[in-house]
Structure formats: structure tokens, C-alpha cells
Amino acid sequence: MGYEGLTGKVITPFNPEYEKARQEYNKAIDEFPIAIVYCYTSQDVANAIHWSRKNCIVPRIRSGGHNYEGYSTGTGKLVIDTTLMNGIKVDTEQDIVKVQAGTRLKDLYETLYEFGYAFPGGTCPTVAISGLVLGGGIGLSMRYLGLTADSLIEAKMVDADGNQLLVNQCHNPDLFWALRGAGGGNFGVVTSYKFKLKKKVDKITLIQLAWNNNKPARFEFLRRWQDWLVNLDRRISAFGRIYKQGASVNAFFYGKPEEAREILEPLLSIPGLTLRNIEYIDFIEAVTIIGRAYERTAFQATGRFVEHHFSKGELKELINIMDEAPTNHDSYISVYSLGGAVRDLEQSSTTFFYRSANYIMAITSDWENEEEASIHKAWVAKGFKYIKSITTGSYVNFPYNRLTNYEVAYYGDYAARLACVKKKYDPCNVFSFPQSIKPGCC
Ligand SMILES: Cc1cc2nc3c(=O)[nH]c(=O)nc-3n(C[C@H](O)[C@H](O)[C@H](O)COP(=O)(O)OP(=O)(O)OC[C@H]3O[C@@H](n4cnc5c(N)ncnc54)[C@H](O)[C@@H]3O)c2cc1C
């Protein structure tokens, strides 16, 4: 088997760039693909698909490489990487942006802000638009502007036969439905997206609160958080967490600080606040400040949808899990607000099945040395077992390889319909990974 037929920038194990090219964002992923092909065009993508089928090598699709479980790579697989397809075109007449598949969120936010637009993306600057939007996409603007996938109006995808498909409400509408929540790695290689831009923005209120070295604040935070979300002003979206020694929350508010303070009162009145930053700044500055917190580590993480109000006993059990955490700050249970604009779309309009949930709860542990990995993974596994028992489904962008019956966990009642879409667009299951959608008997 040779590499003839592959076009674009082809990195093989004999190439000095291979070591860097095989890395994913999660340092715990240590896979050795047969080659990585950085595509410049849709034709490069089609050639890579043809090559992998001819040589019986499974292709894996990668854009930003942030999949928690490394499903965008694999030992002995061909990685089709879209990093070099990263153009952004803004149409201010129609309030539309065209984005190529490998575009990172940082570049997208910055370009859009030059034209005065906000965007409902995620918080990590190096995540690519592809994985984010294809799994739904949550962030600090979502209660105001919806999920990332809710702004998608069109995509272009290269299918398993190398054909380029136009995907929107009129062309391949079943695939358009499937791509908005279940599209990551399952149906073909998406090469570009068209988004409707919903909001011009100037300044927003950035909110950063923390209760450090304050164990009682953790219970109080979780208790008040769930009450706070009920009837919460949709202009505010928040990501919070509890860790061994305390709690913290970051939020964006599309309004002025005075109003934000009133809305935040139930949280601000939790005793022992050690950080209280509520400032009215440029949208892009707020995005940048939040993005700065991310750095590459080895980690295990996963997240679930919360649909019911937790009892005191359930909240206490979550605190017990935190008390057993392997680290003081690098192991945590996070909460991500849903509701607001996320509930505006009709439930069945996309594959984001748990759209009506109140929030997402995730459990994460980061480590530096490989020898510690098993302790962290065991803590996440134990904590996840409990969290799973009190929650509904799993967020596909926070995947977990130990999840059983993953199709239903990620896609609920849509699992069977998605298997039919898979059969139509990828009947030979060319695009497969450990938790991919399998072609159904439709
Ligand atoms: C530090 C960090 C912060 C995060 N923050 C958020 C957040 O704020 N909000 C949120 O919703 N999520 C967040 N996530 C999760 C993130 O959305 C997912 O990991 C997402 O899938 C990453 O996309 P990617 O393109 O960077 O990753 P990749 O690993 O390249 O891809 C992810 C999945 O999508 C598939 N895929 C990639 N490109 C394509 C394509 N062009 N066509 C078809 N399939 C493709 C891959 O095969 C894989 O299954 C975060 C993740 C990390 C690690």
C-alpha cells in the first residue's frame, strides 16, 4: 500500500511533522494514524475518502481535534483533517457568514466582531466550528441566541462516494436535520457552513464569581443554581463548577452591570465570595478573557442533561463525590445553563434531543503524569455512575467511552431515525468510530 492518490498536505509516520500532527487536544489520547491528510479543497477530501476505501483503511474526520475520547483519530486509521480549510466570509447585507470546516472559534469570533456581530459559539478558542456545531454547540450566548446549530442554515458535505452535497431545508433536508446535533464523524466530511447572524453587539457584561477555600459554598451554589435557572432572564448564560475547595461561575449578560447584579442576587448572596468581577466590556474582550483559561492537559470528562430538580439528598451526594476528588482544583463537576432561546426551536427540528433540559452537568478530572491517569479515570467513572442515575441523556460533544447504549443516551428517540439517515448517506458504514451511528435496517 502506498500513499498515491492522496492529495493535500500528506503527513506519514516517516515525516518529521508526524509527532505533532498525530496529537489531539486531550493529551491522554495517544494514537498512531497511518497518515494525516491536511486537505485544502473538497477534492482533497474526496480523494482521501476514495483512497481509504480502496485500501480498506478506516477514515477518521478531524477539524479541531478536541473530541474528548479521540474519535477524530485512531491507530492505523487515515485522519482527514480540515485545519487548512479555514476561510471566513461575512455578508453584512444578508447577515450571513460562510465558514470553512477547520475554522477555530477564536478566528470566527474575532472576524465576526470586526463586523459588529456576536456569535453563539463555545468558550474554548481552539475548538473548531465543525465538531461544535455538528454536536449542537453550547456557550455563554446560548440562552440569548440559541445553540450554535440553531443558527446553521446550510452546509456542504463530501459523502462516502466522494460526492459533494448541498445540505439545507430544501436539499437533503433529512441530512440537514441529522447534521444539527448528530453530525460529528457520522455521515461524511462537512467542508463548509453557512450561519444566519442574529445579533449585532458592542459591549456586554462579563461576570466572574468564585468562592475559593469555601466548601459550604459548593452545596449552596448547586442548590441556588437550579432555582435560579427557573424563569431566568434569557439574556444571561452561565457556566459554573464546584471543586474540592469551592465553587465558581462565569456568565455573559447582554445588558448593563446594574441589571446583571439584580439578576445575580441569589448567587451573589452566597456567603464568602472571593472573586466578584462584573464588568461592562467589548464582547470580544469577554470572549478572550474566558478563552484564556484553557490549556492543554490530559483529561477524562463527560456530561449529562439535567431535567429534574435535585433533592437535598442528591445534592449532598454530589458534594460527597467532590470530597473524594483526586485534586483540589483540577477535578470538578460543572453545570452549563440551557433554557431561554434553546427552547425556542421546535423539539423535532434538529437532532439535539434534550433541548428542553434545564442544564448540563459534567464531571472532569485533569492530570499531568500518566501514572496518575487511572486514579482520575476511576473517580470520573464512579462520579459518572451516580450522575447518570439522576440525569436523562448524554451530550454528544462531551462523549464518554464507557457509556452503554450510547445511541439512545446521545439521541434519545431520534436514534432509530438517525440510523435510517445513516443508511441513506453512508450505507457501507465508511465513517465509523467506537460510538458512531450504524446504518439501520430501514
Ligand atoms: C477545552 C474544551 C472546551 C470545550 N468547550 C465547549 C463549549 O463551550 N461548548 C460546547 O458545546 N462544547 C465544548 N467542548 C466540546 C467540543 O464542542 C467538542 O469536543 C467538539 O466536537 C470539538 O470539535 P473539534 O472539531 O475541535 O474536534 P474534532 O475532534 O476534530 O471533532 C469532533 C467530532 O466531530 C467530527 N468532525 C470533525 N470535523 C468534522 C467535519 N468536518 N465533518 C464531519 N465530522 C467532523 C470528528 O470526527 C469527531 O467525531 C469543549 C471541548 C474542549 C476540549
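For ligands, and for the atoms within them, numbers begin at 1 and follow the listed sequence. Basis for what follows: all heavy atoms, side chains included, without hydrogens, waters or symmetry-related copies.
What sits closest to atom 22 (C) of ligand 1 on the protein, heavy atoms only, is His66 CB, 3.7 Å. When hydrogens are left out, the protein atom nearest atom 39 (C) of ligand 1 is Ile61 CG2, 3.4 Å; that is the closest non-hydrogen contact. Here the heavy atom of the protein found nearest to atom 41 (N) of ligand 1 is Val190 O, 2.8 Å. Nearest protein heavy-atom contact of atom 52 (C) of ligand 1 is Tyr68 CE1, 3.9 Å. With hydrogens left out, the protein atom closest to atom 4 (C) of ligand 1 is Cys124 CB, 4.0 Å, a heavy atom.
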Exercise. Taking it one step at a time, do Tyr117 and Asp95 satisfy side-chain hydrogen bond (donor to acceptor under 3.5 Å, both in side chains)?
Worked result: CA-CA 9 Å; Tyr117 293 104; Asp95 294 326; 2.5 Å; yes
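The environment of NZ in Lys244 is crowded: more than 12 heavy-atom neighbours from other residues, nucleotides or ligands sit within 6.0 Å.
At least one N/O-N/O distance between Asn67 and ligand 1 falls below 3.5 Å. Residue Ala101 places no N or O, backbone or side chain, under 3.5 Å from any N or O of ligand 1.
Between Phe352 and Tyr395, the angle of the ring planes goes over 60°, which puts this pair in the perpendicular group of the 30/60° scheme. In this structure, Phe398 and Tyr336 have tilted ring planes: the angle between them lies in the 30° to 60° band.
When heavy-atom distances to ligand 1 are checked against a 4.0 Å cut-off, Thr126 has no atom that comes that close, whether in backbone or side chain. Contact annotation: for Phe187 versus ligand 1, there are no heavy atoms closer than 4.0 Å.
Here the shortest heavy-atom pairing between Tyr410 and Tyr354 reads O-CE1, 3.6 Å.
Using a cut-off of 4.0 Å between Lys/Arg side-chain N and Asp/Glu carboxylate O, Glu285 and Lys203 are scored as not salt-bridged. Salt bridge annotation for Arg417-Asp174: absent, with no cationic side-chain nitrogen under 4.0 angstrom from a carboxylate oxygen.
Residue contacts with ligand 1: Arg60 is excluded, as none of its non-hydrogen atoms falls under 4.0 Å. Using a 4.0 Å heavy-atom cutoff, Gly188 is listed among the residues neighbouring ligand 1. Under a 4.0 angstrom heavy-atom cut-off, Gly137 registers as being in contact with ligand 1.
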